[in-house]
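Sequence lines set the chain letters: A, B, ... in the order given, protein chains first and strands last, and positions in each chain run from 1.
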Protein chains: 2
Amino acid sequence: MNSAGYLVNNMARLLVEVLRKRIAPLGIVPGQFPALLALWEKDGLTQKELLALLDIEQATLANTLTRMERDELITRKEHPADARARTIHLTDQGRSIRDSAYQTAMQINEEVLADLSEQEAHAFLDYMRRVIGKIKDIESP
Amino acid sequence: MNSAGYLVNNMARLLVEVLRKRIAPLGIVPGQFPALLALWEKDGLTQKELLALLDIEQATLANTLTRMERDELITRKEHPADARARTIHLTDQGRSIRDSAYQTAMQINEEVLADLSEQEAHAFLDYMRRVIGKIKDIESP
DNA sequence: TAGCATTGCATAGCTCACTATGTAATAGTA
DNA sequence: TACTATTACATAGTGAGCTATGCAATGCTA
């Protein structure tokens, strides 16, 4: 129970549950976070454009967007030029939680790294990026 | 998209998909791995005993065990002394994949850490353990 | 321009995590 | 001993990821 894989998985699960608890009052769930971050930056994207900004599969995003629509965080409008596509727009609700959500996320990041020195935290992020890079080219020639 | 939380989550998802692909030929899936590891160590545990060895919730384990039974990796027998409990036993199939599974997991761990030096890899695991420890006491006084 | 290929998105079905709750069986106690 | 509490496990329902597949609209080309 000390392998890298086990630790990574365990850490991710614990983290997502912390995030879930902290953002629950805002009426959002962890899976909606990446899409919200992107939409706070730029509203009115199509699903395809949004997808290009996120590291998830198209089907996962489609389902997440459906839940976000149900939760009244976004609306989807028909694309003016392409009837297959729809543009995605934040509701007032979706827009209004931006600052609190950002703050919550930053706060959690700070807290969980608090036992590492600045250098250690920096190294930790660097290692993760390198490991992610490595995993990505393991299963792609 | 460079926060610790995002990186951890991304890394975990990538890793689990690598594991999934590599162990598919053995007829198992990533969620079954921790339970298998424990049962390879000691067969015939009750669900409660197994649960104590794993970092998942009871309901998650119950569902995982049901899938493992369906996949003919384990069988469940009535407990000799307590009719509420059942003991969990590996099938021949479940037992036979042990070495290949171990090897696959170790191989992946090695590969994904291959771009880190020995010291870096060691530090990386250490940081993860510390972060995990920190997260655990964030939401418990 | 008719037909085929591609594209954008949705849906189905799976895993695997969670919380909440139900159901027996066992244990403890008035 | 008859209740009540606790325990062991199962089930229901949700989120969030995945692959595979479907469907309609668009684009390309013979």
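The base of C:dA10 lies close enough to the side chain of A:Gln58 for a donor and an acceptor atom to sit less than 3.5 Å apart.
Contact between A:Ala38 and A:Leu53 at its shortest, heavy atoms only, is CB-CD1, 4.0 Å.
As a whole-Å value, the separation of A:Met11 CE from C:dA17 P is 16 Å. When the P atom of C:dC14 is taken as reference, atom CD of B:Gln32 falls 15 Å away, rounded to whole Å. In this structure, the CG atom of B:Asp55 is 16 Å from the P atom of C:dC16, given to the nearest Å. Distance CZ (A:Arg20) to C1' (C:dA17): 8 Å, rounded to an integer number of Å. The nearest whole Å value for the distance from the CG atom in B:Leu61 to the P atom in C:dC16 is 12 Å. The CD atom of A:Glu17 sits 11 Å away from the P atom of C:dA17 (whole-angstrom rounding). Rounded to a whole Å, the CG atom of B:Asn9 is 12 Å from the C1' atom of C:dA17. Going from atom CG of A:Leu14 over to atom P of C:dC16 covers 18 Å, rounded to whole Å.
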Decide side-chain hydrogen bond (donor to acceptor under 3.5 Å, both in side chains) for B:Gln32 and B:Asp71; before the verdict, give the C-alpha distance in whole Å, the side-chain angles of both, and the deciding distance to 0.1 Å. CA-CA 11 Å; B:Gln32 299 168 347; B:Asp71 297 346; 3.1 Å; yes
Test salt bridge (charged side-chain N to carboxylate O under 4.0 Å, His left out) on B:Arg130 and A:Asp115 and set out the steps. CA-CA 7 Å; B:Arg130 285 160 65 187; A:Asp115 281 358; over 6 Å; no
Given the rule in the side-chain hydrogen bond (donor to acceptor under 3.5 Å, both in side chains) test, do B:Glu111 and B:Gln107 qualify, once you have shown the distances and angles that lead to the verdict? CA-CA 6 Å; B:Glu111 281 180 46; B:Gln107 171 70 20; 2.6 Å; yes
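Distances shorter than 4.0 Å separate none of the side-chain N or O atoms of B:Thr64 from OP1 or OP2 on C:dC16.
Atom CD of A:Gln103 sits in a sparse spot, with 12 or fewer heavy atoms from other residues, nucleotides or ligands closer than 6.0 Å. Residue A:Lys48 qualifies as open at atom NZ: its count of foreign heavy atoms under 6.0 Å is 12 or below.
Relative to the side chain of A:Ala62, the nucleotides C:dT7, C:dT19, C:dT11 differ in distance, and C:dT11 lies closest.
Salt bridge annotation for B:Arg129-B:Asp126: absent, with no cationic side-chain nitrogen under 4.0 angstrom from a carboxylate oxygen. A salt bridge does not link B:Glu49 to B:Lys42: none of the charged nitrogens lies less than 4.0 Å from a carboxylate oxygen.
Where DNA chain D meets chain B (any atom under 4.0 Å from a heavy atom), the bounding nucleotides read 5' to 3' are D:dT7 to D:dC18.
Of the two residues near DNA chain D, B:Arg86 and B:Lys21, the one whose nearest nucleotide lies more 5' is B:Arg86. Both A:Ala59 and A:Val16 lie near DNA chain D, and the one whose nearest nucleotide falls closer to the 5' end is A:Val16. Comparing A:Gln47 and B:Gly31 by the nucleotide of DNA chain C whose heavy atom lies nearest to each, the residue mapping closer to the 5' end is A:Gln47.
Between A:Arg22 and A:Ser100, the side chains place no donor N or O within less than 3.5 Å of an acceptor N or O (distance only, hydrogens not considered). Of the N and O atoms on the side chains of B:Thr46 and B:Arg76, not one donor lies less than 3.5 Å from an acceptor on the other residue. Side-chain contact check for A:His89 and A:Thr91: no donor-acceptor pair (N or O, by modelled atom type) lies under 3.5 Å. Remark: the B:Arg67 side chain and the B:Asn63 side chain contain no N/O donor-acceptor pair separated by less than 3.5 Å.
For the segment residues 65-85 of chain B, residues with any heavy atom less than 4.0 angstrom from an atom of DNA chain C are, sorted by number, B:Arg67, B:Arg70, B:Asp82, B:Ala83, B:Arg84. Looking at residues 91-108 of chain A, you'll see that no heavy atom sits under 4.0 Å from any atom of DNA chain C.
At the heavy-atom level, A:Ile56 lies under 4.0 Å from the strands shown only through sugar-phosphate atoms.
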